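Accompanying notes for the structure given below.
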Amino acid sequence: MSNRYELNKNLAQMLKGGVIMDVTTAEQAKIAENAGACAVMALERIPADIRTAGGVSRMSDPKMIRSIQQAVSIPVMAKVRIGHFVEAQILQAIEIDYIDESEMLSPADDTFHIDKSKFDVPFVCGAKDLGEALRRISEGASMIRTKGEPGTGDIIQAVRHMRLINQQIRHLQSLRDDELFEAAKELQVTYELAKYVQAQGKLPVVNFAAGGIATPADAALMMQLGAEGVFVGSGIFKSGNPDKRAQAIVKAVSNYNNPQILAELSEDLGEAMIGINEQEIELLMAQRGN
Amino acid sequence: MKKTIGVLAVQGAFAEHAVSLKKLNVNSIEIRQKSDLTNNHIDGIILPGGESTVMGKLLHELKLFDFLRDSIVKGLPVLGTCAGLILLAKTIVNDQNVYLGTMDIVAKRNAYGRQLGSFQADGEFADIGEVPMTFIRAPYIESASKNVKVLAQIDNHIVAAKQDNMMVTSFHPELSSDLSVHRFFLDLV
(Lines give C-alpha, C1' and ligand atoms only; values in the text may rest on other atoms or scores of the structure.)
Protein backbone atom coordinates (compact mmCIF):
# COMPACT_ATOMS: atom_id res chain seq x y z
CA MET A 1 0.00 0.00 0.00
CA SER A 2 1.18 3.49 -0.78
CA ASN A 3 2.32 6.05 1.70
CA ARG A 4 -0.69 8.22 0.80
CA TYR A 5 -3.15 5.47 1.71
CA GLU A 6 -1.50 5.05 5.12
CA LEU A 7 -1.70 8.81 5.75
CA ASN A 8 -5.37 8.75 4.79
CA LYS A 9 -6.13 5.88 7.16
CA ASN A 10 -4.20 7.82 9.82
CA LEU A 11 -6.43 10.89 9.45
CA ALA A 12 -9.47 8.69 10.14
CA GLN A 13 -7.71 7.44 13.28
CA MET A 14 -7.44 11.04 14.50
CA LEU A 15 -11.22 11.45 14.09
CA LYS A 16 -12.00 8.50 16.38
CA GLY A 17 -14.11 9.15 19.42
CA GLY A 18 -15.50 12.17 17.63
CA VAL A 19 -18.64 13.44 15.93
CA ILE A 20 -18.77 14.50 12.28
CA MET A 21 -21.67 16.87 11.65
CA ASP A 22 -23.58 17.73 8.47
CA VAL A 23 -23.63 21.48 7.82
CA THR A 24 -25.07 23.53 4.98
CA THR A 25 -23.66 27.00 5.68
CA ALA A 26 -20.50 28.58 7.10
CA GLU A 27 -22.57 29.70 10.06
CA GLN A 28 -23.69 26.15 10.86
CA ALA A 29 -20.10 24.99 10.42
CA LYS A 30 -18.98 27.45 13.11
CA ILE A 31 -21.74 26.24 15.44
CA ALA A 32 -20.64 22.64 14.84
CA GLU A 33 -16.96 23.43 15.45
CA ASN A 34 -17.74 25.35 18.64
CA ALA A 35 -19.95 22.51 19.82
CA GLY A 36 -17.01 20.11 19.50
CA ALA A 37 -17.40 18.46 16.07
CA CYS A 38 -14.15 16.72 15.02
CA ALA A 39 -15.00 17.39 11.36
CA VAL A 40 -17.87 18.73 9.30
CA MET A 41 -19.61 17.38 6.20
CA ALA A 42 -20.39 20.26 3.85
CA LEU A 43 -23.55 19.79 1.81
CA GLU A 44 -26.21 21.97 0.22
CA ARG A 45 -29.15 20.25 1.80
CA ILE A 46 -29.27 18.00 4.82
CA PRO A 47 -30.58 14.48 4.22
CA ALA A 48 -34.06 15.11 5.65
CA ASP A 49 -34.56 17.91 3.13
CA ILE A 50 -33.14 15.87 0.25
CA ARG A 51 -35.66 13.20 1.12
CA THR A 52 -38.53 15.71 1.12
CA ALA A 53 -37.44 17.52 -2.03
CA GLY A 54 -36.86 14.38 -4.10
CA GLY A 55 -35.29 14.69 -7.54
CA VAL A 56 -31.63 14.13 -8.41
CA SER A 57 -29.19 15.20 -5.75
CA ARG A 58 -25.57 15.89 -6.63
CA MET A 59 -22.24 17.12 -5.29
CA SER A 60 -22.51 20.53 -3.61
CA ASP A 61 -21.35 23.80 -5.17
CA PRO A 62 -17.55 24.04 -4.65
CA LYS A 63 -17.95 27.70 -3.73
CA MET A 64 -20.19 26.76 -0.83
CA ILE A 65 -17.71 24.08 0.27
CA ARG A 66 -14.85 26.60 0.12
CA SER A 67 -16.77 29.04 2.30
CA ILE A 68 -17.01 26.30 4.93
CA GLN A 69 -13.31 25.45 4.57
CA GLN A 70 -12.56 29.10 5.30
CA ALA A 71 -14.91 29.25 8.27
CA VAL A 72 -13.47 26.36 10.33
CA SER A 73 -10.09 24.88 11.26
CA ILE A 74 -11.27 21.25 11.59
CA PRO A 75 -11.32 18.83 8.61
CA VAL A 76 -13.99 19.44 5.97
CA MET A 77 -15.60 16.53 4.14
CA ALA A 78 -18.03 16.54 1.21
CA LYS A 79 -20.10 14.00 -0.71
CA VAL A 80 -19.97 12.73 -4.28
CA ARG A 81 -22.40 10.43 -6.04
CA ILE A 82 -21.56 6.72 -6.12
CA GLY A 83 -19.35 6.13 -9.17
CA HIS A 84 -19.01 9.82 -10.07
CA PHE A 85 -15.25 10.07 -10.26
CA VAL A 86 -15.31 13.51 -11.87
CA GLU A 87 -17.14 15.00 -8.88
CA ALA A 88 -14.36 13.41 -6.82
CA GLN A 89 -11.68 15.01 -9.04
CA ILE A 90 -13.34 18.37 -8.45
CA LEU A 91 -13.36 17.93 -4.68
CA GLN A 92 -9.71 16.87 -4.75
CA ALA A 93 -8.94 20.05 -6.72
CA ILE A 94 -10.34 22.17 -3.89
CA GLU A 95 -8.31 20.16 -1.35
CA ILE A 96 -11.16 18.54 0.49
CA ASP A 97 -9.99 16.60 3.56
CA TYR A 98 -12.26 13.56 3.01
CA ILE A 99 -14.69 12.50 0.27
CA ASP A 100 -17.83 10.55 1.15
CA GLU A 101 -18.89 8.42 -1.85
CA SER A 102 -22.44 8.47 -0.63
CA GLU A 103 -25.69 6.65 -1.27
CA MET A 104 -27.44 9.75 0.04
CA LEU A 105 -26.91 11.43 -3.34
CA SER A 106 -28.38 9.97 -6.51
CA PRO A 107 -26.00 7.27 -7.81
CA ALA A 108 -24.17 8.13 -11.03
CA ASP A 109 -23.29 4.50 -11.74
CA ASP A 110 -25.29 1.41 -10.82
CA THR A 111 -22.42 -1.02 -11.35
CA PHE A 112 -19.08 0.57 -10.58
CA HIS A 113 -17.89 2.51 -7.57
CA ILE A 114 -15.05 5.02 -7.89
CA ASP A 115 -11.53 3.57 -8.10
CA LYS A 116 -10.48 5.43 -4.98
CA SER A 117 -6.90 4.18 -5.14
CA LYS A 118 -6.33 6.66 -7.99
CA PHE A 119 -6.87 9.64 -5.68
CA ASP A 120 -4.61 11.37 -3.16
CA VAL A 121 -7.47 12.57 -0.94
CA PRO A 122 -9.11 10.01 1.36
CA PHE A 123 -12.52 8.40 0.89
CA VAL A 124 -15.13 7.16 3.35
CA CYS A 125 -17.81 4.76 2.08
CA GLY A 126 -20.95 3.23 3.52
CA ALA A 127 -21.40 -0.49 4.17
CA LYS A 128 -24.33 -2.65 5.28
CA ASP A 129 -22.23 -5.77 5.86
CA LEU A 130 -18.66 -7.02 6.00
CA GLY A 131 -18.43 -7.95 2.33
CA GLU A 132 -19.51 -4.48 1.25
CA ALA A 133 -17.06 -2.85 3.68
CA LEU A 134 -14.14 -4.92 2.40
CA ARG A 135 -15.06 -4.34 -1.26
CA ARG A 136 -14.97 -0.59 -0.67
CA ILE A 137 -11.61 -0.99 1.09
CA SER A 138 -10.27 -2.92 -1.94
CA GLU A 139 -11.28 0.05 -4.09
CA GLY A 140 -9.27 2.36 -1.81
CA ALA A 141 -11.65 3.56 0.91
CA SER A 142 -9.62 4.50 4.01
CA MET A 143 -12.64 4.74 6.33
CA ILE A 144 -15.99 2.93 6.54
CA ARG A 145 -19.32 3.98 7.99
CA THR A 146 -22.65 2.20 8.39
CA LYS A 147 -25.30 2.93 5.80
CA GLY A 148 -28.06 3.83 8.21
CA GLU A 149 -31.00 5.53 6.54
CA PRO A 150 -30.10 9.24 6.26
CA GLY A 151 -32.63 11.90 7.10
CA THR A 152 -34.99 9.63 9.01
CA GLY A 153 -33.94 9.97 12.64
CA ASP A 154 -34.50 6.20 12.85
CA ILE A 155 -31.50 4.30 14.19
CA ILE A 156 -32.65 0.78 13.30
CA GLN A 157 -30.68 0.41 10.09
CA ALA A 158 -27.40 1.69 11.48
CA VAL A 159 -27.81 -0.73 14.39
CA ARG A 160 -28.48 -3.60 11.99
CA HIS A 161 -25.40 -2.80 9.87
CA MET A 162 -23.05 -2.39 12.82
CA ARG A 163 -24.24 -5.62 14.45
CA LEU A 164 -23.99 -7.55 11.19
CA ILE A 165 -20.47 -6.33 10.36
CA ASN A 166 -19.25 -7.28 13.83
CA GLN A 167 -21.04 -10.65 13.77
CA GLN A 168 -19.43 -11.44 10.43
CA ILE A 169 -16.02 -10.44 11.79
CA ARG A 170 -16.49 -12.79 14.75
CA HIS A 171 -17.57 -15.54 12.37
CA LEU A 172 -14.37 -15.18 10.32
CA GLN A 173 -12.33 -15.37 13.52
CA SER A 174 -14.00 -18.68 14.35
CA LEU A 175 -12.98 -20.34 11.08
CA ARG A 176 -10.11 -22.72 10.45
CA ASP A 177 -7.50 -21.39 8.00
CA ASP A 178 -8.59 -23.86 5.31
CA GLU A 179 -12.18 -22.63 5.59
CA LEU A 180 -11.23 -19.04 4.93
CA PHE A 181 -10.96 -19.41 1.12
CA GLU A 182 -14.62 -20.30 0.83
CA ALA A 183 -15.60 -17.55 3.28
CA ALA A 184 -13.75 -14.95 1.19
CA LYS A 185 -15.56 -16.20 -1.92
CA GLU A 186 -18.94 -15.92 -0.20
CA LEU A 187 -18.17 -12.40 0.98
CA GLN A 188 -16.94 -11.54 -2.54
CA VAL A 189 -13.69 -10.18 -1.17
CA THR A 190 -10.01 -11.01 -1.60
CA TYR A 191 -8.50 -13.77 0.49
CA GLU A 192 -5.91 -11.29 1.84
CA LEU A 193 -8.57 -8.99 3.31
CA ALA A 194 -10.50 -11.91 4.80
CA LYS A 195 -7.22 -13.15 6.30
CA TYR A 196 -6.52 -9.73 7.82
CA VAL A 197 -9.95 -9.60 9.46
CA GLN A 198 -9.62 -13.16 10.75
CA ALA A 199 -6.24 -12.39 12.32
CA GLN A 200 -6.97 -8.91 13.70
CA GLY A 201 -10.67 -9.21 14.56
CA LYS A 202 -11.41 -5.83 13.03
CA LEU A 203 -11.59 -3.94 9.77
CA PRO A 204 -8.26 -2.62 8.45
CA VAL A 205 -9.70 0.93 8.61
CA VAL A 206 -11.68 3.00 11.10
CA ASN A 207 -15.44 2.25 11.22
CA PHE A 208 -17.98 4.96 12.13
CA ALA A 209 -21.75 4.86 12.58
CA ALA A 210 -23.94 6.95 10.29
CA GLY A 211 -27.60 7.38 9.52
CA GLY A 212 -30.51 8.04 11.84
CA ILE A 213 -28.59 9.22 14.91
CA ALA A 214 -30.78 11.84 16.63
CA THR A 215 -30.02 11.74 20.36
CA PRO A 216 -27.03 11.36 22.72
CA ALA A 217 -28.40 7.92 23.58
CA ASP A 218 -28.42 6.92 19.89
CA ALA A 219 -24.78 7.98 19.59
CA ALA A 220 -23.77 6.08 22.74
CA LEU A 221 -25.70 3.00 21.55
CA MET A 222 -23.68 2.94 18.34
CA MET A 223 -20.42 3.37 20.27
CA GLN A 224 -21.30 0.51 22.63
CA LEU A 225 -22.07 -1.64 19.58
CA GLY A 226 -18.52 -1.01 18.35
CA ALA A 227 -18.56 2.20 16.30
CA GLU A 228 -15.36 4.22 16.61
CA GLY A 229 -17.16 7.55 16.17
CA VAL A 230 -20.37 8.88 14.64
CA PHE A 231 -21.70 10.98 11.79
CA VAL A 232 -24.75 13.07 12.65
CA GLY A 233 -26.73 14.61 9.83
CA SER A 234 -30.25 15.92 10.08
CA GLY A 235 -30.40 15.02 13.79
CA ILE A 236 -28.73 18.28 14.80
CA PHE A 237 -29.92 21.08 12.55
CA LYS A 238 -33.45 19.64 12.29
CA SER A 239 -33.86 19.72 16.07
CA GLY A 240 -35.19 22.43 18.35
CA ASN A 241 -31.84 23.48 19.83
CA PRO A 242 -29.00 22.49 17.45
CA ASP A 243 -26.15 23.96 19.51
CA LYS A 244 -27.15 22.24 22.73
CA ARG A 245 -27.94 18.93 21.04
CA ALA A 246 -24.63 18.99 19.15
CA GLN A 247 -22.67 19.53 22.38
CA ALA A 248 -24.59 16.76 24.13
CA ILE A 249 -23.89 14.27 21.33
CA VAL A 250 -20.17 15.14 21.40
CA LYS A 251 -20.00 14.47 25.14
CA ALA A 252 -22.07 11.30 24.77
CA VAL A 253 -19.58 9.88 22.28
CA SER A 254 -16.62 10.48 24.58
CA ASN A 255 -18.48 9.08 27.62
CA TYR A 256 -20.56 6.44 25.89
CA ASN A 257 -20.10 3.95 28.72
CA ASN A 258 -21.18 6.23 31.53
CA PRO A 259 -24.98 6.21 32.05
CA GLN A 260 -24.72 8.89 34.76
CA ILE A 261 -23.21 11.40 32.35
CA LEU A 262 -25.54 10.26 29.55
CA ALA A 263 -28.54 10.95 31.80
CA GLU A 264 -27.35 14.50 32.48
CA LEU A 265 -26.68 15.08 28.78
CA SER A 266 -30.10 13.89 27.74
CA GLU A 267 -31.94 16.49 29.83
CA ASP A 268 -33.66 19.53 28.34
CA LEU A 269 -32.44 19.13 24.80
CA GLY A 270 -35.61 20.54 23.32
CA GLU A 271 -37.42 18.80 20.53
CA ALA A 272 -35.63 16.02 18.65
CA MET A 273 -36.15 15.80 14.90
CA ILE A 274 -39.53 14.26 14.21
CA GLY A 275 -38.21 11.52 11.98
CA ILE A 276 -39.80 8.81 9.89
CA ASN A 277 -40.05 5.12 10.78
CA GLU A 278 -38.36 2.59 8.58
CA GLN A 279 -41.72 1.20 7.40
CA GLU A 280 -42.86 4.64 6.28
CA ILE A 281 -39.94 5.25 3.97
CA GLU A 282 -40.53 5.05 0.26
CA LEU A 283 -36.89 5.31 -0.77
CA LEU A 284 -34.32 3.08 0.93
CA MET A 285 -31.02 4.80 0.17
CA ALA A 286 -29.00 1.95 1.70
CA GLN A 287 -29.91 -0.21 -1.31
CA ARG A 288 -27.87 2.08 -3.55
CA GLY A 289 -24.47 0.47 -4.20
CA ASN A 290 -23.33 -2.92 -2.97
CA MET B 1 7.32 -1.29 40.05
CA LYS B 2 5.53 -1.01 36.73
CA LYS B 3 4.83 2.55 35.73
CA THR B 4 1.30 3.74 34.97
CA ILE B 5 0.70 6.38 32.33
CA GLY B 6 -2.64 8.11 31.87
CA VAL B 7 -3.80 8.66 28.29
CA LEU B 8 -6.32 11.45 27.77
CA ALA B 9 -9.21 9.61 26.10
CA VAL B 10 -11.87 12.21 25.35
CA GLN B 11 -11.31 12.10 21.56
CA GLY B 12 -8.68 11.05 19.03
CA ALA B 13 -6.02 8.36 18.66
CA PHE B 14 -5.63 7.45 22.33
CA ALA B 15 -5.87 3.67 21.82
CA GLU B 16 -2.73 3.73 19.66
CA HIS B 17 -0.70 5.25 22.52
CA ALA B 18 -1.95 2.53 24.87
CA VAL B 19 -0.69 -0.09 22.40
CA SER B 20 2.77 1.51 22.27
CA LEU B 21 2.90 1.69 26.07
CA LYS B 22 1.89 -1.95 26.41
CA LYS B 23 4.73 -3.00 24.12
CA LEU B 24 7.06 -1.16 26.51
CA ASN B 25 5.60 -3.07 29.46
CA VAL B 26 3.95 0.04 30.92
CA ASN B 27 0.39 0.16 32.28
CA SER B 28 -1.95 2.74 30.83
CA ILE B 29 -5.32 4.03 31.94
CA GLU B 30 -7.80 6.05 29.93
CA ILE B 31 -8.58 9.47 31.36
CA ARG B 32 -12.16 10.44 30.46
CA GLN B 33 -13.35 12.37 33.49
CA LYS B 34 -11.99 14.03 36.61
CA SER B 35 -12.39 10.98 38.84
CA ASP B 36 -10.07 9.03 36.53
CA LEU B 37 -7.35 11.50 37.53
CA THR B 38 -8.20 11.86 41.21
CA ASN B 39 -8.86 8.16 41.95
CA ASN B 40 -5.77 6.77 40.24
CA HIS B 41 -2.07 7.29 40.69
CA ILE B 42 -0.38 8.08 37.39
CA ASP B 43 3.33 8.61 36.77
CA GLY B 44 2.77 10.65 33.62
CA ILE B 45 0.15 11.52 31.04
CA ILE B 46 -0.10 11.51 27.26
CA LEU B 47 -2.24 14.02 25.37
CA PRO B 48 -2.87 12.24 22.03
CA GLY B 49 -3.58 13.32 18.48
CA GLY B 50 -7.10 14.25 17.47
CA GLU B 51 -8.76 17.63 17.15
CA SER B 52 -7.45 20.19 19.66
CA THR B 53 -10.71 22.18 19.47
CA VAL B 54 -12.66 19.10 20.63
CA MET B 55 -10.23 18.04 23.35
CA GLY B 56 -9.79 21.59 24.63
CA LYS B 57 -13.52 22.00 24.98
CA LEU B 58 -14.08 18.61 26.61
CA LEU B 59 -11.25 19.20 29.13
CA HIS B 60 -13.34 22.05 30.50
CA GLU B 61 -16.74 20.41 30.24
CA LEU B 62 -15.67 17.15 31.84
CA LYS B 63 -14.04 19.17 34.65
CA LEU B 64 -10.60 17.80 33.88
CA PHE B 65 -8.96 21.10 33.07
CA ASP B 66 -7.95 22.61 36.44
CA PHE B 67 -6.73 19.40 38.01
CA LEU B 68 -4.76 18.43 34.92
CA ARG B 69 -3.19 21.85 34.52
CA ASP B 70 -2.21 21.99 38.21
CA SER B 71 -0.67 18.53 38.00
CA ILE B 72 1.43 19.53 34.98
CA VAL B 73 2.53 22.79 36.60
CA LYS B 74 3.55 20.81 39.69
CA GLY B 75 5.70 18.53 37.56
CA LEU B 76 3.58 15.63 36.22
CA PRO B 77 5.47 14.36 33.16
CA VAL B 78 3.42 14.96 30.01
CA LEU B 79 3.82 14.01 26.36
CA GLY B 80 1.67 15.92 23.85
CA THR B 81 1.50 14.63 20.28
CA CYS B 82 0.03 16.77 17.45
CA ALA B 83 -3.21 18.10 19.01
CA GLY B 84 -1.55 17.48 22.40
CA LEU B 85 1.19 19.92 21.40
CA ILE B 86 -1.48 22.53 20.68
CA LEU B 87 -3.06 21.92 24.10
CA LEU B 88 0.27 22.60 25.84
CA ALA B 89 1.38 25.63 23.80
CA LYS B 90 1.35 29.01 25.51
CA THR B 91 0.64 30.74 22.18
CA ILE B 92 -1.04 29.54 18.98
CA VAL B 93 -0.38 31.92 16.10
CA ASN B 94 -3.44 31.18 14.00
CA ASP B 95 -5.96 30.49 16.76
CA GLN B 96 -7.12 32.80 19.53
CA ASN B 97 -7.62 29.86 21.91
CA VAL B 98 -5.08 28.88 24.56
CA TYR B 99 -5.73 25.58 26.31
CA LEU B 100 -3.40 24.33 29.06
CA GLY B 101 -0.80 26.88 27.95
CA THR B 102 1.98 25.55 30.17
CA MET B 103 4.83 25.31 27.66
CA ASP B 104 6.81 28.27 26.35
CA ILE B 105 6.32 27.53 22.68
CA VAL B 106 4.56 29.34 19.85
CA ALA B 107 2.67 26.76 17.78
CA LYS B 108 1.12 27.01 14.36
CA ARG B 109 -1.98 24.84 13.78
CA ASN B 110 -2.46 22.90 10.54
CA ALA B 111 0.92 24.33 9.56
CA TYR B 112 1.28 22.07 6.52
CA GLY B 113 -2.23 22.75 5.23
CA ARG B 114 -5.05 20.31 4.66
CA GLN B 115 -4.91 16.51 4.37
CA LEU B 116 -3.09 16.72 1.00
CA GLY B 117 -0.22 18.31 2.96
CA SER B 118 0.07 15.35 5.37
CA PHE B 119 3.36 13.43 4.95
CA GLN B 120 5.83 10.92 6.33
CA ALA B 121 9.53 11.61 6.85
CA ASP B 122 12.54 10.20 8.65
CA GLY B 123 14.13 12.79 10.91
CA GLU B 124 16.94 13.09 13.44
CA PHE B 125 15.67 13.05 17.02
CA ALA B 126 17.96 14.18 19.88
CA ASP B 127 19.89 11.31 21.53
CA ILE B 128 17.94 8.72 19.52
CA GLY B 129 18.99 9.12 15.91
CA GLU B 130 16.68 8.80 12.95
CA VAL B 131 13.02 8.06 13.70
CA PRO B 132 10.01 7.67 11.38
CA MET B 133 7.67 10.66 11.66
CA THR B 134 4.05 10.81 10.47
CA PHE B 135 2.49 14.26 10.15
CA ILE B 136 -1.33 14.42 9.83
CA ARG B 137 -2.67 17.95 9.30
CA ALA B 138 0.12 18.66 11.72
CA PRO B 139 1.23 21.76 13.60
CA TYR B 140 4.83 22.85 14.06
CA ILE B 141 6.57 25.04 16.60
CA GLU B 142 7.23 28.44 15.12
CA SER B 143 9.44 29.60 17.98
CA ALA B 144 10.41 28.51 21.47
CA SER B 145 11.86 30.23 24.55
CA LYS B 146 15.44 29.63 25.64
CA ASN B 147 14.32 27.24 28.38
CA VAL B 148 12.87 24.90 25.74
CA LYS B 149 15.15 22.23 24.30
CA VAL B 150 14.62 21.48 20.61
CA LEU B 151 14.55 17.71 20.02
CA ALA B 152 13.86 17.51 16.28
CA GLN B 153 13.50 19.72 13.23
CA ILE B 154 12.17 19.06 9.73
CA ASP B 155 12.86 21.64 7.01
CA ASN B 156 13.97 24.16 9.65
CA HIS B 157 10.75 23.89 11.61
CA ILE B 158 10.76 22.55 15.17
CA VAL B 159 8.71 19.34 15.34
CA ALA B 160 9.70 18.05 18.79
CA ALA B 161 10.76 19.83 21.97
CA LYS B 162 11.08 19.48 25.73
CA GLN B 163 10.79 21.84 28.67
CA ASP B 164 11.28 20.42 32.18
CA ASN B 165 8.53 17.77 32.61
CA MET B 166 6.83 18.56 29.29
CA MET B 167 7.59 17.01 25.92
CA VAL B 168 5.82 17.56 22.61
CA THR B 169 5.96 16.21 19.07
CA SER B 170 4.03 17.56 16.11
CA PHE B 171 4.23 14.10 14.52
CA HIS B 172 2.62 10.84 15.71
CA PRO B 173 5.04 8.36 17.28
CA GLU B 174 2.02 6.18 18.19
CA LEU B 175 1.31 5.52 14.49
CA SER B 176 4.67 3.85 13.96
CA SER B 177 5.98 0.56 15.32
CA ASP B 178 9.14 2.41 16.40
CA LEU B 179 8.95 2.85 20.17
CA SER B 180 11.99 5.08 20.68
CA VAL B 181 10.08 8.35 21.18
CA HIS B 182 7.81 6.77 23.80
CA ARG B 183 10.90 5.30 25.46
CA PHE B 184 12.47 8.78 25.49
CA PHE B 185 9.37 10.13 27.24
CA LEU B 186 9.33 7.29 29.78
CA ASP B 187 12.90 8.24 30.73
CA LEU B 188 11.48 11.57 31.93
CA VAL B 189 8.92 9.76 34.10
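Bear in mind the structure is a predicted one, so any value in this text is a computation, not a measurement. Atom set for the values below is all heavy atoms of this structure, side chains included, hydrogens, waters and symmetry mates excluded.
- Using a 4.5 Å cut-off between heavy atoms, F14(B) makes no contact with chain A at all.
- The neighbour count for E27(A) CD, taken as heavy atoms of other residues, nucleotides or ligands under 6.0 Å away, does not exceed 12.
- Considering D120(A), D97(A), N8(A) as possible partners of Q115(B), the one that fulfils the side chain to side chain donor-acceptor pair (under 3.5 Å) test is N8(A).
- Between the side chains of E16(B) and Q13(A), a donor-acceptor pair is found at a separation under 3.5 Å.
- In the model, R109(B) has a side-chain atom that pairs as donor or acceptor with a side-chain atom of S73(A) under 3.5 Å.
- Heavy atoms of other residues, nucleotides or ligands lying less than 6.0 angstrom from CZ of F125(B) number more than 12.
- With respect to chain A, the highest number of heavy-atom pairs below 4.5 Å among G12(B), A13(B), P48(B) belongs to G12(B).
- In this structure, chain A has heavy atoms under 4.5 Å from both the backbone and the side chain of S118(B).
- Ranking V206(A), V76(A), N10(A), V253(A) against chain B, the residue ahead of the rest is N10(A), based on heavy-atom pairs under 4.5 Å.
- Side chains of N255(A) and Q33(B): a donor-acceptor N/O pair is absent below 3.5 angstrom, by distance only.
- Other residues, nucleotides and ligands place more than 12 heavy atoms under 6.0 Å from the CG atom of D70(B).
- For the residue pair K16(A) and A15(B), the shortest heavy atom distance occurs at NZ-CB, 4.3 Å.
- Considering CD of E33(A) and NZ of K57(B), their distance stands at 11.0 Å, rounded to 0.5 Å.
- For the pair R32(B)/Y256(A), a side-chain contact is recorded, criterion being any heavy-atom separation below 4.5 Å from C-beta on.
- The two residues Q247(A) and E61(B) come nearest to each other via the heavy atoms OE1-OE2, 3.4 Å.
- The 12-atom threshold is exceeded at NZ of K23(B), counting heavy atoms of other residues, nucleotides or ligands nearer than 6.0 Å.
- Rounding to the nearest 0.5 Å gives a distance of 5.5 Å between OG1 of T53(B) and CD1 of I74(A).
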